Amino acid sequence: MRVDVRGVGWDVDGRTIVDEVTATVRPGTFTGLIGPNGSGKTTLLHVVAGLLAPDRGSVRVDGDDVHAMGARDRATRVALLEQHASTTLDLTVRQVVELGRIPHRGRWPGRSDEGAEQVDRALRLSRVDGLVDRRWQTLSGGERQRVQLARALAQEPQVLLLDEPTNHLDLSHQIDFLATVRDLEVTVVAALHDLDLAAAFCDDLVVLRQGRVVASGAVADVMTSGMIREVYDVSTSVRHDHDAGRLTVTWHR
Amino acid sequence: MLSPAPAKVGRRAAILSRGPTPLLLLALLLVTSMLVALGIGSVTVPVRDVLDVVVRRAGWHTDASLLDDQIVWQLRMPRVLGAAAAGAGLAVAGTVLQSLTRNDLADPYLLGISGGASVGAVSVIVLGVGFAGLVSASMITLGAFAGAVAALVLVLALATGRSGALAPSRTVLAGVAVGQICAAFTSFVVIMSGDHDAARRVLSWTLGSLAGLRWHSTLFLVVVALLALLLILSFSSTLDAFAFGEAAAGSLGVSVGATRWTLLIGTALLTACLVAFTGAIGFVGLVVPHVVRLTCGPLHGRLLPLSALGGATLLVWSDTVARSLVDGQEIPIGVVTAVVGAPVFAWLLRRESRTA
């Protein structure tokens, strides 16, 4: 599904965190949201997810205003994976993934097997179907992130928003996770810190600095050493690595 | 060293967290407890005769004696039924507050509601004593309710941020602050009044007692508890959505702000209604949800009804002990729930420190 962000602004205490952001996410693509710490990535994702109401502008998913639809309706179309999901409750993996069915369920506690098929599918897609009976508290960081992905997929969203999903993962789990997400048939927007991973997995990029979009478009056009110098103040070489078969970003001192 | 206990508890929780068995068992336990409790007191009535009275009152013909009817139905039933309603209400309020604030220590007392109720009740008792004879039980009830609502308004006003958001941590802190002020005021009024009778009545009120319950007040408590349970049950999957915090709940389609306001005000009103009649009874709202969560899992579709039944059973027995342990004298019910609840809570803490 197509996501249209039009002139979105969000302020807190008179400070503008997200400023006149306009961007389009093409259906079915993996779009990376990059920018330094405090550039407004998380806030923008929360606005797109409908958790924050923008002070200016609008967000449309397939033409429908995200902030005009009901919360439940929205949750069946847009799912968010937070940076660091934590709970003190003693839940099984299956119970965590079943939380994703809440927006599809009625008010009253009903049949416990509602959406069992979608839950199974979500577990398979994020490759945690072997963990169903494990308890959340016993999972590793990589497993937890995949279980949260399965929870988000159980919502059957058309748009999946990921907030720095690979932050707490080791290199191999980072690659596995992003590869899994890329192969999904949903539109994905992910805030990412690792430019090399972003270059490898994203189709499009949106670059934020101080709440403003400074560049956007296809990865090959946006990910340049000039952009990185301007936004991050770091020297890099960005080139197509023929051995790896992809764009790579290497930093220098 | 890895303790094998968590895995074992986990398996037990998995069995108990499926199927209707625990719900039926606890419901049966509650009904049995109530029937037995109705027979206990200065005059012992056998369970068989208790059943005769109840069945006759339900419209069938039995040969229940008039004396038994007087004791079981007129004297004890209001207390036993009232205990069940108050216990269910307090346990459900505690469950909701713990889930909503994601704070294990949250219970109706933490929001300062009981403190406010105390101030209201104490003011009526102490000030009313000056106008001899003007203090009736219903005036104390009204005072307690007004105090509880005033405390709630104060807590919400303190906790609400400029943006209109009601942050759980700030709500708890505001509740503690208001509770402390209320406690200080209560002590001050009692000391300054210098009236021993008033001091005794205040003490017995702040420790809770169901001795004042009559049929009309009990029916009110039952209706309030049932309505609250129904309202809160309709939020059970919404409360599940809070497992991973508020942003996660929001992304699962929960209107976080509206839910928080509805449930905080709902539980506060529920508590205000209960403590206005029963006085402050501690530990039920704190301990019962923890025990149920530990044995039957944290999902609210089961947690809420099971907590209600558990709280009801606990308070039925606590009140029975309170009115019958010492001949001719009432022990405050808050003392009984503390004696039972505090060790259970300490045990929970120890268990948690082992698994953490």
Side-chain angles (χ1 to χ4, degrees), chain A residues 12-13 42 45-46 48-52 69-92 94-96 98-112 114 133-138 144 147-148 151-152 154-155 157 160-161 163, chain B residues 2 6-7 9-14 17-20 23 98-99 102-104 161-163 165 230-259 290 293-305 352 355-356:
Chain A
V12 66
D13 292 337
T42 298
L45 283 180
H46 282 199
V48 174
L51 298 182
L52 296 173
M69 50 176 102
R72 245 163 214 274
D73 192 18
R74 192 179 62 224
T76 62
R77 303 174 70 167
V78 183
L80 171 72
L81 207 70
E82 284 182 283
Q83 263 181 48
H84 190 61
S86 73
T87 184
T88 54
L89 300 181
D90 187 26
L91 293 162
T92 65
R94 189 171 188 97
Q95 285 171 332
V96 172
E98 278 170 349
L99 294 179
R101 298 306 298 169
I102 288 175
H104 294 272
R105 280 203 304 244
R107 261 216 103 73
W108 301 92
R111 287 177 27 236
S112 55
E114 191 281 336
D133 291 325
R134 286 274 298 281
R135 313 202 78 77
W136 168 267
Q137 307 295 354
T138 69
R144 286 182 181 188
V147 170
Q148 284 298 326
R151 186 270 304 156
Q155 288 174 244
L160 184 61
L161 307 173
D163 192 0
Chain B
L2 274 176
V9 170
R11 223 176 304 132
R12 195 166 62 223
S17 59
R18 278 187 221 112
L23 208 60
Q98 283 165 17
S99 302
R102 295 220 288 163
N103 185 332
D104 283 352
R162 265 170 300 166
S163 55
L230 212 61
L231 167 80
I232 290 168
L233 263 181
S234 77
F235 277 91
S236 52
S237 63
T238 304
L239 283 166
D240 287 343
F242 279 85
F244 287 90
E246 288 178 16
S251 76
L252 287 170
V254 171
S255 313
V256 174
T259 301
H290 281 294
R293 220 179 269 120
L294 206 63
T295 47
C296 299
L299 294 177
H300 291 82
R302 312 176 58 73
L303 178 59
L304 289 168
E352 243 157 55
T355 54

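Remember, predicted model here, so these are calculated numbers, not experimental data. Residue numbering restarts at 1 for every chain, and letters A, B, ... go by the order of the sequence lines.
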With sequence neighbours left out, write down each residue that passes side-chain hydrogen bond (donor to acceptor under 3.5 Å, both in side chains) with T88(A), or none if nothing qualifies.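 Testing T88(A) for side-chain hydrogen bond (donor to acceptor under 3.5 Å, both in side chains), a comparison that skips the adjacent residues, returns none.
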Relative to chain B, which segment of [X] carries a heavy atom at a distance below 4.5 Å: side chain, backbone, both, or neither?
{"X": "V12(A)", "answer": "neither"}
{"X": "R151(A)", "answer": "side chain"}
{"X": "A85(A)", "answer": "both"}
{"X": "Q137(A)", "answer": "neither"}
{"X": "L80(A)", "answer": "both"}

Determine the option with the most heavy-atom pairs under 4.5 angstrom with chain B, choosing from T138(A), V96(A), L99(A).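 Looking at each option in turn, the highest pair count goes to L99(A).
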Which answer fits [X], side chain, backbone, both or neither, if we ask what part of it has an atom under 4.5 Å from a heavy atom of chain A?
{"X": "L230(B)", "result": "both"}
{"X": "L304(B)", "result": "neither"}
{"X": "F242(B)", "result": "neither"}

Can you name the closest pair of heavy atoms from [X] and [Y] and give their distance?
{"X": "E82(A)", "Y": "F244(B)", "result": "OE1-O, 3.9 Å"}
{"X": "A75(A)", "Y": "G253(B)", "result": "CB-N, 3.3 Å"}
{"X": "A243(B)", "Y": "L91(A)", "result": "CB-CD1, 4.0 Å"}
{"X": "H46(A)", "Y": "A247(B)", "result": "CE1-CB, 4.3 Å"}

How many angstroms lie between CZ in R101(A) and CG in D240(B), if you round to the nearest 0.5 Å?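 One gets 14.5 Å once the value is rounded to the nearest 0.5 Å.
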Would you confirm whether Q155(A), through its side chain, and S251(B), through its main-chain N or O, come within 3.5 Å as a donor-acceptor pair?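 Yes: the side chain of Q155(A) pairs with the backbone of S251(B).
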Is the backbone N or O of I102(A) less than 3.5 Å from a side-chain atom of S237(B), with the two atoms forming a donor-acceptor pair by type?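 No; judged by distance alone, with no hydrogens or angles, the pair does not exist.
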For the pair R293(B) and L89(A), evaluate side-chain contact (heavy atoms from CB on, under 4.5 Å) and give the outcome as yes or no after the intermediate values. CA-CA 9 Å; R293(B) 220 179 269 120; L89(A) 300 181; 4.0 Å; yes
Under the side-chain contact (heavy atoms from CB on, under 4.5 Å) criterion, do D90(A) and L294(B) qualify, and how do the steps go? CA-CA 8 Å; D90(A) 187 26; L294(B) 206 63; over 6 Å; no
